[in-house]
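In this text the structure is predicted, and so the values were computed from the model without any measurement. Each residue takes its place number in the sequence, starting with 1.
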Amino acid sequence: IVASPSVAPTIRDSLSASLTPELGSQGLFYEKIVPGRGTGLISNRTFTKGDLILTSTPLFMIQERAIRDMSKADRLLLQKLSISALPTKSRGLFCSLAAHFGGDTIEDVLLTNGFSATFSESREGFGIVVPEAARLNHDCRPNVSIRGLLISFKGNFV
């Protein structure tokens with residue numbers, strides 16, 4: 001979690017209160033190389049409105065306001081240091097995600113796979129990376145929503 005000192009405690013407390021066992025995704029998906037799209041999660045069933053698709057803890061969270069006024073060099077260094085501090089397995093999972101825009105590799109992975117989210121009563125905006133959710137095929141008119149750490153389904157999905 002990369003956040004300002006004033007926001008970090010509320011995010012920590014919010015995450016601690018909402019962490020649940022990672023359930024809802026076991027056996028529902030399998031990974032497959034999708035031509036022209038990279039690795040994707042393919043559903044083993046049809047979801048209907050209101051179904052829980054998966055629960056997962058973000059691998060990386062960065063407060064948007066905290067980095068907004070940083071120089072590009074400082075922002076890239078902070079992102080690099082943050083990813084290098086992840087446990088080996090988590091860092092490998094992050095580095096295995098797709099990168100489509102070019103430029104700095106870590107920022108490219110963040111931009112390609114990141115979601116915007118708010119947590120707790122602070123309503124601070126965060127860029128988050130949830131690898132499992134990043135591998136779900138999606139478009140610019142999403143029919144799922146992120147609730148806390150839960151991704152819940154709001155439409156038909158096959």
Side-chain angles (χ1 to χ4, degrees), residues 1-25 29 31 34 37-41 50-155 157:
I1 299 172
V2 178
S4 63
S6 63
V7 173
T10 61
I11 299 305
R12 181 198 61 227
D13 295 344
S14 174
L15 291 174
S16 296
S18 65
L19 284 176
T20 59
E22 298 199 7
L23 49 84
S25 57
F29 304 99
E31 282 191 6
V34 180
R37 310 281 291 167
T39 302
L41 288 182
D51 285 350
L52 175 65
I53 296 175
L54 64 89
T55 62
S56 189
T57 304
L59 182 68
F60 180 76
M61 297 174 58
I62 190 162
Q63 183 184 9
E64 293 164 348
R65 185 172 53 92
I67 63 167
R68 185 175 300 133
D69 296 326
M70 287 183 145
S71 70
K72 181 177 180 178
D74 287 345
R75 183 184 73 241
L76 295 178
L77 178 59
L78 177 62
Q79 292 169 171
K80 178 180 180 178
L81 292 171
S82 299
I83 298 304
S84 69
L86 289 172
T88 303
K89 185 176 177 183
S90 297
R91 190 171 51 251
L93 181 57
F94 178 89
C95 293
S96 74
L97 294 170
H100 292 296
F101 300 108
D104 179 79
T105 304
I106 290 173
E107 187 160 78
D108 195 3
V109 170
L110 293 171
L111 292 172
T112 301
N113 300 282
F115 294 89
S116 291
T118 58
F119 296 91
S120 77
E121 65 279 351
S122 74
R123 306 309 297 166
E124 286 288 335
F126 278 80
I128 66 171
V129 174
V130 180
E132 301 84 355
R135 290 202 165 134
L136 292 171
N137 193 16
H138 58 280
D139 67 18
C140 294
R141 295 171 291 131
N143 61 359
V144 297
S145 63
I146 297 174
R147 294 230 174 23
L149 296 180
L150 300 179
I151 297 175
S152 62
F153 189 73
K154 298 193 312 186
F157 177 76

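Between Ile128 and Phe60 the shortest side-chain heavy-atom distance does not fall below 4.5 Å. Residues Thr39 and Val34 have side chains not in contact (no heavy-atom distance under 4.5 Å, counting atoms from C-beta outward).
Using modelled atom types, one finds a donor on one side chain and an acceptor on the other under 3.5 Å when comparing Gln63 with Ser4.
Nearest approach of Glu64 to Ser116, heavy atoms of both residues: OE2-OG, 3.6 Å. Nearest approach of Gly102 to Asp108, heavy atoms of both residues: N-OD2, 2.8 Å.
Among residues two or more places apart in sequence or in another chain, the side-chain contact (heavy atoms from CB on, under 4.5 Å) test is passed with Ala8 by Ala3.
Summarising the geometry, atom CD1 belonging to Ile83 is positioned 4.0 Å from atom CZ belonging to Phe94; distances are rounded to the nearest 0.5 Å. Taken to the nearest 0.5 Å, the CG atom of Leu81 stands 11.5 Å off from the CG atom of Leu86. Residue Arg91 holds its CZ atom at 13.0 Å from OG of Ser96, rounded to the nearest 0.5 Å.
Checking Ile62, Val2, Val7 one by one against Phe126, the side chain to side chain contact (heavy atoms under 4.5 Å, CB included) holds for a single residue, Val7. If you run side chain to side chain contact (heavy atoms under 4.5 Å, CB included) between Leu97 and each of Val129, Leu110, Thr112, only Val129 comes through.
Asn113 contributes no side-chain N or O that, together with a main-chain N or O of Pro131, makes up a donor-acceptor pair within less than 3.5 Å.
Pairs passing the salt bridge (charged side-chain N to carboxylate O under 4.0 Å, His left out) check and including a residue from residues 68-80, sequence neighbours excluded, read Arg75-Glu107.
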